[in-house]
Amino acid sequence: MTKQYKTLGDDIWKNKVEKINAELFTLTYGSIVAQLVKDYEDFTEVNKQLEKMGYNIGTRLIEDFLARSGVGRCQDFRETAEMVSKVGFKMFLNITPAVTNISADGREFSLVLDENPLAECVELPDQALVDELWYSNILCGVLRGSLEMVQMQVDAFFVTDTLRGDDMTEIRVKLIRYLEEEVPAGED
Amino acid sequence: MIYNMYIFDRHCQCIYYHDWHRGHTAKPTFDPHGDPLASHQSTGGGGGSTTTTTTMTDPRQGMNMSLEEEGKLVYGVVYSLRNLVKKLGKNQDGFIAYKTSHYKLHYYETLTGLKFVINSDPNVESLQQALRQIYTQIYVELVVKNPLACATIISGQVNPETMGAEGFRNGVDRFVRSLTMFDTL
């Protein structure tokens, strides 16, 4: 099953995606983070803003994803994890993070990114290392926003980041609950 | 012949309405239940909406708030039918269309809760492909990717005329007019 997601992801990346210059992307993101750091001066606030920006992006990104991939509903959270990593990340960033550490009840998983196009050639200042800046926190927001639009409330956060000197970059995604569909007013 | 089209968001609101041949009468019979989706040239057709003799150009002239009420009615129908079909069969996308003697209603729903409804005359074949194309090629391109267009995530009023995206109405119009069954009966 993962094979077919991988081929789907590769296929979409090859044919249906307009590509842009990777350096332009990295530099633009870097300048956004730099500006946020300058404006807020508090790294927890910067993390929050990045996550919020990511959330807004995610709510729209999911429509683009569904339109391009045409996939149906995932049967369980494990399948969601595979879909996100093999098709989603591949389609938008051309990377396929590995899905690891799936919890026993299947409600949590980790995404291990071995390369991060947002953080190419980036070095964090010492203050950022002390104060826990998660440079690519926008990705967590994107995951939260897009999954919320398909009725899953999740919590996504960074566990480790190579920019901070850790061995690998890992995002942990926890399913909080499945959201109920909204009922029109006046109906029970 | 395509009569009109609605788009509903995941908050059960009608966020877009477009009509082409709404004033057209498929069968000019008096409908005691005031079927809002068929001809509006029957005067005094119940349903609580005051119908005056309407013109073809703007059938809803003189009817206040009727788009909102009508939207709620259509949404209710579609919502109930979809749940019914889902309960009767295991398939997620079971409900795709229904047909009455006056019109046929085609339905397409995305995983994000966006619902597309098109009404056409009863003889039209499936418009699933067309609805899907409206979603992928017009809605996603012009509304989702446009940062100024309200894609309904912002709570509050969404303009059902344009959805905040200038090209959307034209895009949809052009696309639907290009369908072969647009003005054939």
Side-chain angles (χ1 to χ4, degrees), chain A residues 8 12 15-18 20 28 32 51-77 79-80 83-84 87-88 91-92 138 141-154 178-188, chain B residues 7-15 68-69 71-84 86 90-94 108-116 128-129 131-155 163-165:
Chain A
L8 176 65
I12 298 176
N15 302 329
K16 291 202 210 170
V17 175
E18 301 142 16
I20 61 165
T28 310
I32 292 176
E51 212 267 347
K52 198 162 121 191
M53 286 165 63
Y55 177 81
N56 291 330
I57 293 175
T59 49
R60 292 186 181 231
L61 199 78
I62 182 72
E63 306 263 10
D64 192 17
F65 173 80
L66 289 173
R68 264 200 254 261
S69 65
V71 293
R73 198 166 278 283
C74 292
Q75 295 303 318
D76 56 25
F77 201 55
E79 216 179 302
T80 308
M83 184 77 77
V84 163
V87 188
M91 195 191 300
F92 294 110
I138 204 169
V142 171
L143 285 169
R144 185 171 70 93
S146 50
L147 288 174
E148 187 173 306
M149 292 298 275
V150 279
Q151 261 94 47
M152 283 176 258
Q153 191 185 357
V154 297
Y178 286 105
L179 298 167
E180 287 304 315
E181 193 194 339
E182 277 184 44
V183 180
E187 230 177 276
D188 287 314
Chain B
I7 301 183
F8 298 95
D9 67 2
R10 56 208 303 268
H11 303 293
C12 316
Q13 283 198 335
C14 177
I15 57 169
E68 196 179 309
E69 283 170 15
K72 287 198 193 134
L73 281 173
V74 173
Y75 188 83
V77 168
V78 146
Y79 179 77
S80 314
L81 277 175
R82 198 205 59 176
N83 286 351
L84 183 78
K86 217 191 316 191
K90 281 187 77 185
N91 198 352
Q92 172 76 15
D93 292 319
Y108 176 69
E109 182 178 350
T110 68
L111 286 177
T112 51
L114 202 62
K115 301 164 178 73
F116 293 80
Q128 275 292 98
Q129 266 309 100
L131 282 171
R132 211 190 127 70
Q133 270 184 293
I134 292 177
Y135 173 58
T136 55
Q137 289 167 11
I138 308 177
Y139 181 80
V140 167
E141 292 300 317
L142 297 178
V143 178
V144 172
K145 291 188 178 175
N146 180 350
L148 299 173
C150 16
T152 82
I153 298 120
I154 312 149
S155 61
M163 281 218 265

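All values below were derived from every heavy atom in this structure, side-chain atoms included, with hydrogens, water molecules and symmetry-related copies excluded. Since the model is a prediction, treat every value here as computed from it, not as a measurement. The sequence lines fix the lettering, A, B, ..., with proteins before strands; numbering per chain opens at 1.
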Pick from B/V143, B/V144, B/L111: which one makes a side chain to side chain contact (heavy atoms under 4.5 Å, CB included) with A/E63?
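When side chain to side chain contact (heavy atoms under 4.5 Å, CB included) is applied between A/E63 and each of B/V143, B/V144, B/L111, only B/V144 qualifies.
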
Roughly how far apart are [X] [atom1] and [Y] [atom2], rounded to 0.5 Å?
X	Y	atom1	atom2	value
B/R10	A/L179	CZ	CG	7.5 Å
A/D64	B/E141	CG	CD	7.0 Å
A/E182	B/D9	CD	CG	8.0 Å
B/R82	A/E181	CZ	CD	4.0 Å

Crowded around A/K52 NZ? As in, over 12 foreign heavy atoms under 6.0 Å?
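Count not over threshold, so no.
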
Contact leader toward chain A among B/T112, B/V140, B/T136, where contacts are heavy-atom pairs under 4.5 Å:
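Among the listed options, the one with the most contacts to chain A is B/T112.
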
